[in-house]
Every structure is written in structure tokens, then in C-alpha cells.
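One structure below.
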Amino acid sequence: MKSITDFFANLGGNVLSAVQKLGRGHMLFFQMVMGMDEILRRPSLLIKQLFYVGVLSVILISLSGFFVGMVLGLQGYYTLSQFGAEATLGVMVAASLVRELGPVVTALLFAGRAGSALTAEVGLMKATEQLSGLEMMAVNPIRRVLTPRLFGGIISMPLLAAMFSMFGVLGGWFVGVGLLGVDDGTYWSQMQTKIDLHEDIYNGIIKSIVFGVVCTWIALFEGYDSTPTSEGLSRATTRTVVHSAFAILGLDFILTAIMFGE
Amino acid sequence: MSSHDDIPLVKIRNLHFKRGSKMIFDGIDMDIPRQKVTAIMGPSGTGKTTLLKLIGGQLRPDQGTIEVDGENIHALGTRDLYKLRMRMGMLFQSGALLTDINVFENVADPLREHTDLSENMLRRLVLLKLEAVGLRGARDLMPSELSGGMARRVALARAIALDPMMIMYDEPFTGQDPISMGVLVKLIRSLNDAAHISSIMVSHDVRETLEIADMVFVISNGKVVDHGEPEALHSSAMKWTKQFIEGLPDGPVPFHYPAPELVEDLLD
């Protein structure tokens, strides 16, 4: 009997703490957004974060994009050539990249590189009393520390996704045109006629903005809410990557259904 | 200078505070005077740092009031609380410097946040504050390049950047070598006397603390067990105070953690 009541007590406790955490997360998001005037007042804070979150991810994103494009070129060529449709390789590569792989893979890489770094940084700032120190200097740590990082992430993500897609298209071209002999003119002209600015590119950008908000929000919240010990911090960093990955893939399905569903 | 010179700087009445089920403060009353060095002493784990956080409004008491410069700090709205905090400095044990910017920027940070000073004026002010703690030459170093004592001095320069009415020191002497200890003792005293900044210090370093304090409160088990000037504490009749000040291993605070008799335990 006792084990049954324990089971329900535990279940209830877990649900309650999850709901509380969700509440804290939304409160924090609201407070971060309300702190927007801070970055208008001190733009240097935002510029610095754009560098750390965005610029430092450029090499990783470009290289990954190039490799993914190369694989797409190769696989696409083998399948399409069976139907004699290798001329449409450019369309296939570009559509996969700008609609899906660009935003999604960029966001997954972003969560692994920038997201985990943000969690660790904010968590350590909490553990070493830097956030308390700011509070005692009458500086709101959410506006001073978190808001610039949030907007740094939101602005960086679509730009990084665009770079990913661009390098992917180049990777596909390198394999398809350079190595497998698809006609250069067809690769580009098919892409130009078939890829739609609204349908494909804008939708991809919207996706990556949504992923940017969610990934950075999760990373900052996990850092800010972490237990200030080495164990707590290591768990928080792991949670950032895991939760971000779930959120990205789940949201991608929902967004795709909304954007491309009939 | 404040308009409330006749009332104590910090007035604590009937303060109760619990952490989980553990009682930290069980009805504390305290009047902390202006322009004096007031020390709050007690063994580790008595909640000395918690007391500073309560005074700074970072934690809420379960019961009782804390007035700072005549204002009930826990009844203030965020805006007024931040306004009052601009007149309170706090020196954390770790220094709590921002690790991604250098020494100069750390000291300049509160000025950039709260004032519209020109860059030229700001530079002069920061250099003067750093000069006061003897680290003008270290302005380009990053916090990771500083020793513990230097980090604390930079944090002190940052704490006095806005010319506060008071500074709270959290264990300022812990883990310092004799030279940096001496430097900090001298700095705290001179800031208090020359710049008229009232000081509240929590510490368990008896010798250094009694050397510079004007007034000492001793807390233990959630209560103020003794208070007075340092000389009075030396000759205190209370056994507890005597054990604490002379660092005796056994006394009212027992050497042994409560346990059954040794013989019983061994034969168990």
C-alpha cells in the first residue's frame, strides 16, 4: 500500500516541479525580453555576444554545411540519375537545405556549441557570485547578462543557417558538377527557377528564428536555474543540449506541417 | 550625508529566517551604528553571509524587519530597492568580479550603468578608485590574472565606485596571506575614517576583526549571544564568547558531534 502512495506522491511531486520550472522559464523569458532597452542603451553588450555566439560558430557551421551539401549531392545524384533526372540535382540540394537541413542542423550544432557554452558561462557566473554581485551593485543581472545573450542568439541563428545553406549548395555543386559531371548551367538555372523566395527561403528563415529563440532561451534558463555546484552545472549543460535537440526536432515537425501542409 | 543621522544605519528587529527546516535566525535585534566598523562574528554556518544578504534585500526574512537608512528594505519596490542598493556596497568573499572584462572595466561598470559621465571623466574616476586600493597599475589585467587578495581589492574599488554610504564585507580576511590581510585591514579602516563609509563586516578571524572593529556582535544558534566594544568582549564573562575569542577546542560548543557513548558504539 505504502509503495503505491509513494508512487503517486513522487509522480505528483515530479509534475509539480516540472510545472514550476516551466513557469520560472517563462517568467525569465518575459524578463529578458523586457530588458531589451538595455541593449539599445549599451549596444556594445550585444555586439560582444554576437561575436561570441555567432562569429565564433562560423567555421563550424560553414564546414558542416559544406560536408552535408556534398553528401546530398552524392546521394541525390545516385537516386536522380536512375530516372535520368540528374539535371534537377541543384533543386534537390537547395530545397533540402533551405527548407529543412539548414535551419535544423544549424540549430542542433548551435545548441552543442553555443548553447552549452552559454549554460556553463551563466551557471558559473551564478556559482561565483557574479550575478549576486551585480544585483548588489543595483544592476539587474537578467538585463545586463542574459538579455544581450538572448538577442545575440536570435540574431545569429538565421545568419548562421543562411551560411550553412550557402556552403551546402556549394558542396553539392562541388560533388555534382565538379566530380560527377552534372551540367554547370543546369545546376544553377534549375535551382533559380524552382526555389521560391516565399515558399522556401522565407519559411526557412522563420524556422531558424524560432530555433534561435528556443535554443538560446533553453541554454540561458538552464544556466540561470542551475544548482551552483560542479554536478549541478554538468547536469544543466547536458539538459541544455538534450532539451534543445528535442525542442528543435519537435518544433520542426510542427512548423513544417503549418508551412507546407495543404 | 544622510538626512537621518540620528537613527542607526541598519536597524534589525525580531528577525526570523529559516532555510528549509533549519532555523538560521531566531529573533535577532541589532542596531548597526553609522560611520563605525561593526563586526558580526560567529562560527562557520551561523548564517553571517545570510545576514548580509538579508540586509541587502537579496533574501526575505520569514518574520521581523530590517531598516537600512530608515527604509524598510523588504517593503521597497524594485526601483526603490535598486536606488537604495546604489548607496550600499558589498564585497563578496570571492570578489565576484566579472571574469570577461578587465580590471578597469570592472570598476567602470557600475559608473557606466548608473551615470552618464563622459569617457574622460569616467577614466579619471576609475583611476582614482584603483589608486585608493593601490592597483592603478593593474588596470589592464584580467580577473584571472589577479591573486585572491588583489581580486578582493579590485572588488573593493568597484564597491566604492558610486561613493556608497556603507560597505558590507563578507569574510574579507579568509584565505589571505599576512601581507594582503594587513593591506585589507588598513583599507577597511581608512575607507571608514577618511571617506566616511560605514562598514559592516562578517568574519571569524578574531584577531584581525577585533583589531579594527569599533563594535562587535557575536551570533550563535540564531541569536545574538554577546555584543559590545572589542575590549569588553575580551573580558566578557560569557563562556561562549570566551571560547570563541580564545579559540578553545572544547567548551559550550563541544568538540564532539552528539553521539552515543563511545563504549556502547564500539561494542555494538
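Owing to the predicted nature of the structure, the values given are computational and were not obtained by experimental measurement. Throughout, protein chains are lettered first and strands after them, A, B, ... in sequence-line order, and every chain is numbered starting at 1.
Chain B forms the most heavy-atom pairs under 4.5 Å with one residue out of A/Val139, A/Val145, A/Thr128, and that residue is A/Val139. By number of non-hydrogen pairs under 4.5 angstrom with chain A, the leading residue of B/Thr99, B/Leu84, B/Leu162 is B/Thr99. Contacts with chain A were tallied for B/Asp109, B/Leu91, B/Thr78; B/Asp109 has the most, counting heavy-atom pairs under 4.5 Å. Chosen from B/Met88, B/Met90, B/Met168, B/His114, the residue pairing most often with chain A at heavy-atom distances under 4.5 Å is B/His114. Between chain B and the options A/Glu38, A/Glu121, A/Arg42, A/Met125, heavy-atom pairs under 4.5 Å are most frequent for A/Arg42.
The main-chain N or O of B/Ile160 is found under 3.5 Å from a side-chain atom of B/Lys129 such that the two form a donor-acceptor pair.
No hydrogens or angles considered: nothing links the side chains of A/Glu231 and A/Thr229 as a donor-acceptor pair under 3.5 Å.
With a 4.5 Å cut-off on non-hydrogen atoms, B/Lys83 does not touch chain A at all. For a residue to count as touching a neighbouring chain, one of its non-hydrogen atoms must lie under 4.5 Å from one of that chain's; by this rule A/Leu134 touches chain B with the side chain only.
Between A/Asp225 and A/Lys126 there is no salt bridge, since none of the side-chain N atoms of the basic residue sits less than 4.0 Å from a carboxylate O of the acidic one. Of the charged side-chain nitrogens involved, at least one lies within less than 4.0 Å of a carboxylate oxygen, so that A/Lys48 and B/Asp100 count as a salt-bridged pair.
Counting heavy-atom neighbours within 6.0 Å of A/Ile59 CD1, excluding the residue itself, gives a total of 12 or less.
Ring centroids of A/Trp217 and A/His26 are separated by less than 6.0 Å, placing the two rings close together.
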